[in-house]
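To find a chain, count down the sequence lines: A is the first, B the second, and so on, and within it residues start at 1. Any value given below was found using the heavy atoms of this structure, including those in side chains, with hydrogens, waters and symmetry copies removed.
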Protein chains: 2
Amino acid sequence: MGLTKTDLFSENQNEIATLARAIAHPARVAIIEYLLKVNTCICNAIVNELPLAQPTISQHLKELKNAGIIKGNIEGNAICYCINEPVFSKIQGLFRPILSTQNKCC
Amino acid sequence: MGLTKTDLFSENQNEIATLARAIAHPARVAIIEYLLKVNTCICNAIVNELPLAQPTISQHLKELKNAGIIKGNIEGNAICYCINEPVFSKIQGLFRPILSTQNKCC
DNA sequence: AAACTATATCGTAATATTGCAATATACATA
DNA sequence: TATGTATATTGCAATATTACGATATAGTTT
């Protein structure tokens, strides 16, 4: 198997899971943190910042881009990445119910 | 490979990634949402609530338990699960920096 | 004790993820 | 046009995840 049965769950649940998966790797957390820290579009910098090979970072960037968390703009022969503000705000909204609920049980 | 190089990243980054991974499946999102909704310890209910086989749910519960998101108390021959409040609060704190930062770029 | 109920574990098949070397693509500059 | 720079894609090996049938464990009830 190894195949998540997404059709058995709500669209909202799948969306949260997909976005959580995009964050579910330390390299991708590091990329997000870095982009938030510098608060600007950066190009080559990420490859120098992380201790992983260039193809590996490119792959992680692709996943973050697929999830809509970051976006890339072509800038000459380089590509500038930055946080995709609208989607990122939406993520905050999606996670709020499960990360901000006060639980009074136990 | 297929082996995340956790030693190359900070403890904080790995912690966020691990917790995100625990949320990164719609069944586990559904379990968390359900526990927050009923706001009480429940036992057998989860197996009836989700459209997956009992061993599969047991496996997902184990992962949530390992991540510290839920806890289980033995109650007769049943086991009552509920949100692990202290850890859940900690998660909120861990995610706040990357999910609450205002980004002014682009 | 025997039967029932609730949950966990084992074993296994299918699929996904991670990481990187090699290579390709695309633009810039000499 | 040749060379350099930046990023993406391909291909592959190692490992992880997902799902579930079969079975085990543990308490409960008859």
**Asked** Rounded to whole angstrom units, what separation is found between the CG atom of B/Asn73 and the P atom of D/dA26?
**Response** 18 Å

**Request:** Could you list the residues that satisfy side chain to side chain contact (heavy atoms under 4.5 Å, CB included) with B/Gln59, not counting sequence neighbours?
**Result:** B/Glu63

**Request:** Round to a whole Å and report the spacing from CG of B/Asn77 to P of C/dA6.
**Result:** 7 Å

**Request:** Kindly check if the number of other-residue, nucleotide or ligand heavy atoms within 6.0 Å of CD1 (A/Ile74) is above 12?
**Result:** no

**Prompt:** Do B/Leu64 and B/His60 touch side chain to side chain, with heavy atoms closer than 4.5 Å?
**Reply:** no

**Per-nucleotide protein contact string for nucleotides 8-20 of chain C, where B marks a base within reach and S marks sugar-phosphate only (heavy atoms under 4.0 Å, - for neither)** = BB---BBSSBBBB

**Asked** Are the side chain of B/Ser58 and the backbone N or O of B/Gln54 linked by a donor-acceptor pair below 3.5 Å?
**Response** no

**Message:** Expressed as a whole number of angstroms, how long is the span from B/Glu75:CD to D/dA26:P?
**Reply:** 18 Å

Kindly list each side-chain donor-acceptor pair under 3.5 angstrom involving residues 13-23 of chain A, sequence neighbours excluded, with atom names and distances?
from	atom 1	to	atom 2	distance (Å)
A/Gln13	OE1	A/Ser10	N	3.1
A/Gln13	OE1	A/Ser10	OG	3.3
A/Gln13	NE2	B/Glu33	OE1	3.0
A/Asn14	ND2	A/Thr6	O	2.8
A/Asn14	ND2	A/Phe9	O	3.4
A/Asn14	ND2	A/Ser10	O	3.2
A/Glu15	OE2	A/Lys90	NZ	2.4
A/Thr18	OG1	A/Asn14	O	2.8

**Request:** Using whole Å, report how far CG of B/Asn44 lies from C1' of C/dT7.
**Result:** 9 Å

**Asked** Is the closest side-chain heavy-atom distance between B/Leu35 and B/Phe88 below 4.5 Å?
**Response** no

